[in-house]
A.B. asks: 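First the structure, then my questions, so here it is.
Just the heavy atoms: all of them, side chains too, but no hydrogens, waters or symmetry mates, feed the values below. The chains referred to below are lettered A, B, ... by the order of the sequence lines, with proteins before strands, and numbering in each begins at 1.
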Amino acid sequence: MNKFLLPLGIFIVLVALLAVGLNLNPREVPSPLIGKPAPDFSVPRLHAADQSFSPKEMLGKVWLFNVWASWCVSCREEHPLLVEFGKTGTVPIVGLNYKDKREDGQRWLARFGDPYLLSAYDADGRVGINYGVYGVPETYLIDKQGVIRFKQIGPITPEVLQNKIIPLAQELNK
Amino acid sequence: MIPELGHFALMLALLVTLVQGVLPLLGAQRNQPQWVALARPATAAAFLLVLFSFLVLTWSFYSNDFSVEYVAQHSNTQLPTLYRISAVWGGHEGSLLLWVLMLTGWAQAVALFSRRLPEAMVARVLGVLGLVTFGLLAFVLLTSSPFERLLPAVEEGRSLNPLLQDPGLVFHPPLLYMGYVGMSVAFAFAIAALLAGQLDAAWARWSRPWTTVAWVFLTLGIALGSWWAYYELGWGGWWFWDPVENASFMPWLVATALIHSLAVTEKRGSFKNWTVLLAIAAFSLSLLGTFLVRSGVLTSVHAFATDPRRGIFILILLAIVVGSSLLLFAARAPKVSLGGRFALLSRETLLLVNNVLLVVACGAVLLGTLYPLLIDALGMGKLSVGPPYFNAVFVPIMLPLLVLVAAGPIARWKHAEIGPILRRLWPAALAAVLAGAGLPLLAGEWHAYVALALALAVWIAAAIVLQTVERFKTGKPTASWWGMQIAHCGLAAFVVGVAMVSTYEEERDVRMSPGETVTVGGHTFKFLGVHDVRGPNYVAARGSFELTKDGKPLRTLYPEKRNYDTSAMPMTEAAIDAGLTRDVYVSLGEPLEGEAWAVRVYFKPFVDWIWGGCLLMSLGGLLAAADRRYRIRVKQSAAATAAAAGATA
């Protein structure tokens, strides 16, 4: 046996390990907010500055809470999916327009479609801080008791929607 | 239109590197001078094309072209111009393009500064570099083109991660990449030598300056990253054993071993196989680092956007590049002669111990870095390996290295005697013991750990002084001799910094209202209050702290808490009063009720010695690489190798 093949052997083991590792998701660590009541707030609505919105209004319903902004590129990526999903009427979607200009947010929805029951308007990002928003978009699935059951960081992909959000929402709706 | 030109230039470069990678290599094997002659022009063309495409991307950033998706995601109009430029490498696609640019740049440098090398050797080296470039360019074009359009364009970009908006980060990635990519030159020389079947002293001498320069860049890049983390993250730490840090540290350890082993191969003709293996390993670890960072298999404080498709591509690239190199190694290594014999006690043995220790240290870091992945892959749960593991394993491996570093340069090649070494080093040993016993008392309490570290540092420094005195008796030392001594001095300074700061640092986390004071390490901070200031793309709460020592005012420090317009995460800008023997460091935490704030103050003795030590090491490396013996033509040996090349071909 050629002893000089040893480095190659070690390397092959290493590559195999890395290949397995690629199929694992190290970020799949439960968010501290999962299983906790959704933080309460009261902010104006995007389309009606004189009306306010609070998550309490949604008690008794399973709903999706989606943080978005007109300046956010990934939001545009996920938006068509949300518009489609909104049409199915599985669960109501509430938007949180985050650190945005009111006109920009309204124009953006007019242009790309509005899947939201309503959008809350979080001009200075205070609501986002309570929800631990790091980047936009982020999405929360909240149950009838107002408890966060699922959190997606970054855009929702078709797989996440099909395999995670829809089954969980249907189960919670039972 | 302009971004498409950049994209097109990259595609052309892909074709050119294919030519650069295939024809010169075949030409060198089959003795076809016309194919060999293609190496230099193809290298230059690839470099110019990639440079053009990089400039195009830079222009897109400069001119705020938000129809380019990459620009829209990493820049906006509020961003100051300097950061708009550095945002080019603020994301995955741009950093890869920078990687490729540097790779072609190194190849171009080899093409320019290799007039004295045999043409076949140059062709092989440039060919190997061409193949590596081809792989990376394919990666850029297929999975991560920075020129993808976003249509219709957005009106405003998303901006650069505020953490990255800092002068330190303008230079940290380019330096680090220069080091990573520079290892490809040592790698290419090693593969070229294996292909030619000429693992000889001439090969080692050619690779040495290139390897040393790449090592200097790597050292500077790591040091700058550490310094940036120290003042930007606001935790006062300078090294976190984070996977991304480890990814840059592992090639550094192996490259350090390589520099020393190349010395043996050049001077004595020994360790050839080992040296080649190290050269392959150093570049493989650079590629592995890129894989770990870019594929997202490990979690890290450096949260890069990750994409599993890219991970698979890099893994395949890694498997091909490293796998084929190791296969070539296995095929050629058995035929390589052993070189000069040496006794149990000799400079060769000491350098071998140095190599083994560095490689074992690298293995320990690799194990700790990949262990979470291994456990996860075996389905045994999720865990993270932290500083306790690394400190417990790494420090004991380094201790014998620090003892031997003083003896290595004194020991004779081939056969050394223990008597003369001890006779020459006993003053250094005495100084070390005295320093270990006495110096820690000056700093405060006596700790065995500090005593040991200071004793070792003084041992190294005193040995250098003794050698310098002796050396001047026998004539003027060369630049590379000075380089070695200065780099070893840097190591001593680094040890002092690490030991002092980790033992005597003081940290206080307090609630302060305006007018209150807090004292650490004899320095008193008086909190004067916080007011708002507006920056180009952020609003900051700026605190004012009056710093006094023994009642004497030193200066006023202004730490900031910045809220960038486009990010939810507030950024901490620490204020530091730096000094030769200590840093004092203040950072703002959270606002509390009224005008009170949570404030962190640190007293960090000798912390700047850590980076000072790295600077000395780099300076030493530069001096060594600039030694004139790499530049003068060694007529006889060049003629001899040319003849040998003719004979084998």
Side-chain angles (χ1 to χ4, degrees), chain A residues 1-30 67 69-77 96 98-101 104 107-108 111-112 122 124-138 153-155 157, chain B residues 66 69 72-73 76 150 152 154-159 161 243 273 277 280-281 284 288 291-292 295-300 303 305-306 308 311-312 314-316 318-319 322-323 325-327 329-334 336 366 370 372-374 376-379 382 384 563 565-570:
Chain A
M1 186 58 197
N2 181 349
K3 68 176 172 176
F4 295 105
L5 277 172
L6 192 65
L8 187 63
I10 295 173
F11 176 70
I12 289 172
V13 172
L14 186 65
V15 168
L17 172 65
L18 293 175
V20 174
L22 263 184
N23 294 317
L24 304 169
N25 184 3
R27 277 163 217 275
E28 220 173 66
V29 177
V67 184
S70 69
W71 45 263
C72 149
V73 178
S74 313
C75 297
R76 256 174 73 170
E77 221 171 86
L96 180 73
Y98 178 73
K99 286 194 175 181
D100 213 345
K101 287 200 197 101
D104 288 352
R107 210 180 314 140
W108 196 79
R111 187 158 158 193
F112 296 108
D122 183 22
D124 51 8
R126 298 240 162 228
V127 177
I129 289 177
N130 288 334
Y131 276 78
V133 172
Y134 172 69
V136 198
E138 288 194 6
I153 299 172
T157 60
Chain B
F66 297 132
E69 189 177 356
Q73 283 186 353
N76 72 10
L150 181 70
V154 285
E155 281 160 47
E156 183 59 292
R158 191 180 186 180
S159 194
N161 180 348
N273 282 332
L277 198 57
I280 296 175
S284 308
L288 180 72
F291 170 79
L292 291 180
S295 65
V297 292
L298 296 167
T299 39
S300 152
T306 53
I312 291 169
I314 309 184
L315 189 62
I316 293 173
L318 186 75
V322 184
S325 317
L326 290 176
L327 203 61
F329 171 76
R332 292 291 164 95
V336 173
L366 183 69
L370 293 183
L373 186 64
L374 180 70
D376 200 359
L378 295 176
K382 290 181 191 286
S384 62
N563 276 298
D565 302 343
T566 49
S567 168
M569 193 116 115

A.B. asks: Which one, Val15(A), Leu17(A), Leu6(A), Asp124(A), leads in non-hydrogen pairs under 4.5 Å with chain B?
C.D. replies: Leu17(A)
A.B. asks: Do you know the tightest heavy-atom contact between Val154(B) and Phe66(B)?
C.D. replies: O-CB, 3.4 Å
A.B. asks: How many angstroms lie between CG in Leu5(A) and CZ in Phe11(A), if you round to the nearest 0.5 Å?
C.D. replies: 14.0 Å
A.B. asks: Is chain B contacted by the side chain of Leu14(A), its backbone, both, or neither, given a heavy-atom distance below 4.5 Å?
C.D. replies: side chain
A.B. asks: If you measure from CZ on Phe329(B) to CD1 on Ile280(B), what distance do you get to the nearest 0.5 Å?
C.D. replies: 6.5 Å
A.B. asks: Side chain, backbone, both or neither: which part of Ala19(A) has an atom under 4.5 Å from a heavy atom of chain B?
C.D. replies: both
A.B. asks: Is Leu277(B) in contact with chain A via its backbone, its side chain, both, or neither, using a 4.5 Å heavy-atom distance?
C.D. replies: side chain
A.B. asks: Between Arg111(A) and chain B, with a heavy-atom cut-off of 4.5 Å, which part of the residue counts as in contact: side chain, backbone, both or neither?
C.D. replies: side chain
A.B. asks: Just jot down the side chain to side chain contact (heavy atoms under 4.5 Å, CB included) partners of Val336(B), sequence neighbours excluded, or say none.
C.D. replies: Leu199(B), Lys272(B), Asn273(B)
A.B. asks: In chain order, what residues pass the side chain to side chain donor-acceptor pair (under 3.5 Å) check against Asp100(A), with sequence neighbours excluded?
C.D. replies: Ser70(A), Asn97(A)
